[in-house]
Amino acid sequence: MQQGLNPPQREAIRYLDGPLLVLAGAGSGKTRVITEKIAYLIGECGMQPAHVTAITFTNKAAREMKERVAKRVGERAGEVNISTFHALGAKFLRMEAQAVGLKPGFSILDASDTAALFQEMLKDADKSRVKWIQQRISLWKNALLGPEDVSPADDLEAGAARVYAEYERTLKAYQAVDFDDLIMKPVQLLERDEEVARRWRTRIWHLLVDEYQDTNRCQNRLMRLLTGERAAFTAVGDDDQSIYAWRGADVDNLRQLAADYPRLKVIKLEQNYRSTTRILKAANSVIRHNPKLFEKRLWSDKGHGDPIRVMACRDDQHEAEWVVTRLMAHKFETRGHWRDYAILYRGNHQARLFEQQLRAHKVPYVLSGGQSFFDRSEIKDVVSYLRLLANPDDDPAFIRAATTPKRGIGGTTLEALGHAAGRRHIGLFAAIFAPGLELEIKAPQLALLREFGGFVNRMAWRAQKEPAGQVLDDLLKAIGYEAWLFESMDARDAEARWANVREFVGWLSAKGEEEKKNLLELAQTVALITMLDKRDENVDAVQLATLHAAKGLEFRHVFLVGVEEGSLPHRESIEAGNVEEERRLMYVGITRAQMSLNISWCMRRKQGKEIVERAASRFIAEMGDDIKHEGAVPSAPTFADKAAEKAAGNARLASFKALLKQSP
DNA sequence: GCAGATTGGATTTTT
DNA sequence: TCCAATCTGC
């Protein structure tokens, strides 16, 4: 049944005596362990599929896991709860809405929605300040601090705390939550309501958490609350691949886990099924320079493999030419496929020269990342209608829907409506039908508002009974969205946008039929989902990706480019004393490669107008000496560099410790 | 005074 | 590439 598993993998799958932490090195088959464990729990231990819950970070990972579990478990796989942290939180809140003071139709605001909200609240503050405040509030939420729990350290924080209070009031009025709330609110409820906690714990006999090193404090807390005393969980992670600290992920959760659960069993997966020995040696050698809690050494039986090359390039242009030339030569020599190659870099902008070069040689490529489908304005337009149908208190959705397409409702009217709503302490939509409104808004405007209000009500009514696709089609027809697109922009642009809308509608209605959900129910999940993009995998093209985006992926041949002081490690991270995370980024980059690894750096690089001198990254020297240097051998980092890194690291540790003392 | 064009500059990104 | 800030022309 569990063929081809190595002993630690098998142990991780069978271990059920208490909390388990699986330290899964890069390429050590961790997804396999999770899916096999789910199969084991159901097949061998007789657990009901519905009693198994697995949590991932991204929709993509959740989808992959579902597919693999389906292959392994068969038809009942659908009953296993596999979702992202946020989807689980959303499900929790829909079920417990009343207890947290929400209506079940509440809206979920995405990053751009909340950014707009903050911008609106802080009209005359500059962008960087708004960003700072928003980040601060998010940090507070992750630390489970409400506006009244915050003890501001200075005036800036005091200001942020006031904004926080107003922000919370606004969300409440809109019956909306943000992404942080999806974790924080369930945690708060589980902590104060033992009955709810007990109910959820009986539904989860075993909890599996993927990418545990990426959890923030709040997510970690949620995991503990959901498992309770029994602590029947399997956390899988790799501290060496923790590259999201800047986003709130707390690697220290790993250490805490060992401290909080004395019974915690730790199993290390060190056999790597991906890369050659040379590549793993270089990776081990680099990561050894970070202080370690759990020592881990990857090995494989794939043989030495090709030598690792480090190319010192004259300048960035030369680098792009060298990489693409070498890539093409290699591809034709080995008769491989374009999809076997990846070019990985630190920042998005670094892709540019490589794109140019690839295009010049007619090499097909795909760029990972970019703006998400759901961030497109035409999709947001449609989604605003959905949100409004599901949640009439959602004022931002109301404003967007009421004014798109233009139907004669403008700023002045909305402002008057806003005043009327404010005085009555109700939402904009509800205010439309408030008695006495004719004294505040002139008849023609009021007629327009009421017409729109009636339309929304009719659609919301139909949305409950008719198929989602049907209602959505009719809605778009009724508002004349297609015609409006063609009126307000040139035909090519409008064409593209309308195609996106069609795709979205098609996808939503298919989902509605598949999951037997009506439009209102679909509207509730739409903020959290991403459509399956078909351009993935099967395309034969060179992959261009940032190191962050490449995590979890593997490629036969990797070109790691721009490996210079200032880029990797990034200048800002060096200044912040955060070289360790950059080193992990390097580690992630190296371990993406299966067969060959090419590293390049530039002695000179164009930066804006000027040309700047650059030095090879310290990480190159840290890779050891089983390396074939081309161009020039980079000089080892000076003693001063190392001392500076150490000093910065110590300073960070000290401030971290101080912080720990402050907050219990 | 404002909209559209141009130029310049760039950590990393998901939910 | 994409986004934001600044510039230019009406």
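Order of the sequence lines sets the chain letters (A, B, ...), proteins ahead of strands, with each chain counted from 1.
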### Query
Can you check the Gln135(A) CD to dT11(B) C1' distance for me, whole Å?
12 Å
### Task
Check the distance between dG9(B)'s P and Arg346(A)'s CZ and give it to me in whole angstrom.
21 Å
### Query
Between dT1(C), dT11(B), dT15(B), which nucleotide has the shortest distance from any of its atoms to the side chain of Ala111(A)?
dT15(B)
### Task
Check every strand shown and say whether Ala351(A) touches a base, only sugar-phosphate, or nothing at a heavy-atom separation below 4.0 Å.
nothing
### Summary
Of the listed dT15(B), dT1(C), dT13(B), the closest approach to the His86(A) side chain comes from dT15(B)
### Query
Considering Watson-Crick and G-U wobble pairs with both distances under 3.5 Å, what does dT1(C) pair with?
dA10(B)
### Query
If only side-chain N and O atoms of Asn348(A) are considered, is one of them under 4.0 Å from the OP1 or OP2 phosphate oxygen of dC2(C)?
no
#### Entry: Salt bridge present between Arg605(A) and Asp315(A) (N-O < 4.0 angstrom)
no
### Message
Angle between ring planes, Tyr244(A) versus His548(A), binned at 30° and 60°: parallel, tilted or perpendicular?
### Response
tilted
#### Entry: Contact under 4.0 Å: Asn59(A) side-chain N or O vs dT15(B) OP1/OP2
yes
### Task
For dT6(C) and dT11(B), measure between their C1' atoms and round to the nearest Å.
24 Å
### Task
Check the distance between dT14(B)'s C1' and Leu547(A)'s CG and give it to me in whole angstrom.
17 Å
### Message
For Tyr164(A) and Trp140(A), take the angle between the two ring planes, folded into 0 to 90°, and tell me which bin it lands in: parallel under 30, tilted 30 to 60, perpendicular over 60.
### Response
parallel
### Query
Hey, does the Lys NZ or Arg CZ of Arg387(A) hover above the aromatic six-ring of Phe106(A), less than 6.0 Å from the centre and inside 45° of the axis?
no
### Message
Measure CG/Leu367(A) against C1'/dT12(B) and give the value in whole Å, please.
### Response
15 Å
### Message
I need the CE-P distance between Met586(A) and dT12(B), as an integer number of Å.
### Response
18 Å
#### Entry: Whole-Å gap separating C1' (dT12(B)) and OH (Tyr587(A))
19 Å
### Task
Grab the CG-C1' distance between Asp214(A) and dT15(B) for me, whole Å please.
12 Å
### Task
Kindly say whether the aromatic ring centers of Phe555(A) and Tyr341(A) come within a distance under 6.0 Å.
no
### Query
Side-chain N or O of Asn216(A) less than 4.0 angstrom from OP1 or OP2 on dT15(B)?
no
### Query
Under 5.5 Å between ring centres and under 30° between planes: does that hold for His548(A) against the base of dT12(B)?
no
### Task
Kindly point out which of dT11(B), dT1(C), dT13(B) is positioned nearest to the side chain of His570(A)?
dT11(B)
#### Entry: Ser573(A) side chain near dT11(B) phosphate (N/O to OP1/OP2, under 4.0 Å)
no
### Query
Under 4.0 angstrom, heavy atoms only, what part of the nucleic acid is Phe57(A) near: base, sugar-phosphate, or nothing?
sugar-phosphate
### Task
Identify which nucleotide among dA10(B), dT15(B), dT13(B) has an atom closest to any side-chain atom of Thr58(A), counting heavy atoms from C-beta outward.
dT15(B)
### Message
Pair Phe118(A), Tyr167(A) - check ring-ring contact (aromatic ring centres under 6.0 Å, His included), show working.
### Response
CA-CA 8 Å; Phe118(A) 277 103; Tyr167(A) 176 61; 4.4 Å; yes
### Query
Nearest-Å distance, NZ (Lys185(A)) to P (dT15(B))?
22 Å
### Task
Check whether the aromatic ring of Trp246(A) stacks on the base of dT12(B), taking stacking as ring centres less than 5.5 Å apart and planes within 30° of each other.
yes
